[in-house]
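A quick write-up on the structure given underneath.
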Amino acid sequence: MNKTIITVVGKDSIGIIAKICTYLSDARVNMLDISQTIVDGFFNMIMVVDMPSEVDFGKLNDELQLLGEELGVIIKMQREDIFNKMHRI
């Protein structure tokens, strides 16, 4: 399994979490942790997920970006090791 960080940002609307989690579940991606908040009508979510090694990271990333466009949000994915290196103090 490969830990991956997924961030979602955009204007709040009904069903964002449900649609993203349903998509990930259908792709056999396990949600380990989810944190979300709404600030002044803007939705922010960060997820830590575990992806099976057979899941194509690039394809999943592309499909999540398309889902984000459909939902009116921006969805970004980063592998945990890259995320940690970028946010190291």
Side-chain angles (χ1 to χ4, degrees):
M1 292 291 196
N2 303 304
K3 282 190 182 175
T4 301
I5 311 302
I6 298 174
T7 57
V8 183
V9 178
K11 190 134 175 78
D12 187 36
S13 65
I14 296 171
I16 295 172
I17 296 172
K19 289 177 184 170
I20 293 170
C21 287
T22 297
Y23 173 81
L24 291 172
S25 177
D26 290 346
R28 299 183 11 154
V29 174
N30 184 33
M31 279 71 67
L32 300 174
D33 198 4
I34 299 173
S35 175
Q36 66 90 29
T37 188
I38 299 166
V39 178
D40 198 25
F42 290 94
F43 178 85
N44 298 283
M45 178 169 67
I46 185 166
M47 306 172 77
V48 179
V49 301
D50 219 350
M51 292 181 27
S53 55
E54 65 270 9
V55 171
D56 184 321
F57 182 91
K59 181 180 178 196
L60 187 70
N61 187 39
D62 292 345
E63 290 175 356
L64 280 173
Q65 286 182 12
L66 290 174
L67 178 60
E69 290 173 14
E70 199 177 291
L71 297 171
V73 296
I74 297 170
I75 302 176
K76 299 286 185 182
M77 280 181 42
Q78 290 181 311
R79 289 188 172 90
E80 180 188 36
D81 56 343
I82 304 278
F83 184 86
N84 287 337
K85 287 177 183 170
M86 287 179 57
H87 295 91
R88 187 174 50 189
I89 295 178

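Side chains included, hydrogens not; waters and symmetry mates left out as well; all remaining heavy atoms used.
The line from CG of Leu64 to CG of Leu24 is 5.5 Å long, rounded to the nearest 0.5 Å. With rounding to the nearest 0.5 angstrom, the CD1 atom of Ile74 is 9.5 Å from the CD atom of Glu69. Note that the CD1 atom of Ile5 and the CZ atom of Arg79 stand 12.5 Å from one another [nearest 0.5 Å]. Note that the CD1 atom of Ile17 and the CG atom of Leu71 stand 11.5 Å from one another [nearest 0.5 Å]. How far CD1 of Ile38 is from CG of Asp12: 3.5 Å, rounded to the nearest 0.5 Å. Atoms CD and CG, on Gln65 and Leu67 in that order, are 11.0 Å from each other to the nearest 0.5 Å.
Contact detail for Phe57 and Met77: the closest heavy-atom pair is CE1-CE, 3.3 Å. Taking every heavy atom of both residues into account, Val29 and Pro52 meet most closely at CA-CD, 4.4 Å.
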For this session: Walk me through it: do Val73 and Met45 pass the test side-chain contact (heavy atoms from CB on, under 4.5 Å)?
Result: CA-CA 11 Å; Val73 296; Met45 178 169 67; over 6 Å; no
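Salt bridge annotation for Glu54-Arg28: present, with a cationic side-chain nitrogen under 4.0 angstrom from a carboxylate oxygen.
In terms of hydrophobic clustering, with Ile, Leu, Val, Met, Phe, Trp and Tyr side chains grouped at heavy-atom distances under 4.5 Å, Phe42 and Ile46 are assigned to different clusters. The same ILVMFWY cluster, assembled from side-chain heavy atoms under 4.5 Å apart, contains both Leu60 and Met31.
For Lys11 and Phe43, the positive end is not near the middle of the six-membered ring at less than 6.0 Å and at most 45° from its axis.
Shown here is Leu32, whose CG atom has more than 12 heavy atoms of other residues, nucleotides or ligands within 6.0 Å.
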